[in-house]
Amino acid sequence: MSDNWKHRSESMRCKTCIWFCPKESLDGVTHLGRCRRHAPTMNGYPVVFVNDWCGDHKLNENNFIEPNE
């Protein structure tokens with residue numbers, strides 16, 4: 001029996017989330033950014049990598065990339 005949930009989070013990464021604010025690096029490639037889902041703390045917004053994920057993901061249709069099959 002195959003696992004229906006095996007790759008469920010592949011399209012739910014930070015890089016496709018509406019709350020993700022990318023940070024450009026010197027080489028022009030985005031490796032990390034800030035999660036702006038909740039109000040900032042005293043340390044600001046949390047830093048996240050593009051491949052992180054959480055339960056608050058909301059798809060940003062402009063950033064969605066089809067996963068490779």
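- Val50 is listed as a side-chain neighbour of Thr30, based on a closest heavy-atom distance under 4.5 Å.
- The distance from the OG1 atom of Thr16 to the CG atom of Asn60 is 8.0 Å, given to the nearest 0.5 Å.
- Asp27 meets the side chain to side chain contact (heavy atoms under 4.5 Å, CB included) test with Ser25, Val29, His31; sequence neighbours excluded.
- Among Cys21, Cys17, Pro46, the one residue that satisfies the side chain to side chain contact (heavy atoms under 4.5 Å, CB included) test with Arg36 is Cys21.
- Membership of the apolar cluster around Phe49 extends to Leu32, Val47, as traced through chained side-chain contacts below 4.5 Å between ILVMFWY residues.
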Show me the side-chain donor-acceptor pairs of residues 37-45 shorter than 3.5 Å, one per line, residues at least two apart or across chains.
unit_1: His38; atom_1: NE2; unit_2: Asp56; atom_2: OD2; d: 3.0
unit_1: Thr41; atom_1: OG1; unit_2: Asn43; atom_2: N; d: 3.3
unit_1: Thr41; atom_1: OG1; unit_2: Gly44; atom_2: O; d: 3.2

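- Under the side chain to side chain contact (heavy atoms under 4.5 Å, CB included) criterion, Val48 pairs with Cys14, Phe20, Cys35, Asp52, not counting sequence neighbours.
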- prompt: Checking side-chain contact (heavy atoms from CB on, under 4.5 Å) for the pair His57/Ile18: CA distance, chi angles, key distance, verdict?
  reply: CA-CA 8 Å; His57 184 274; Ile18 197 168; over 6 Å; no
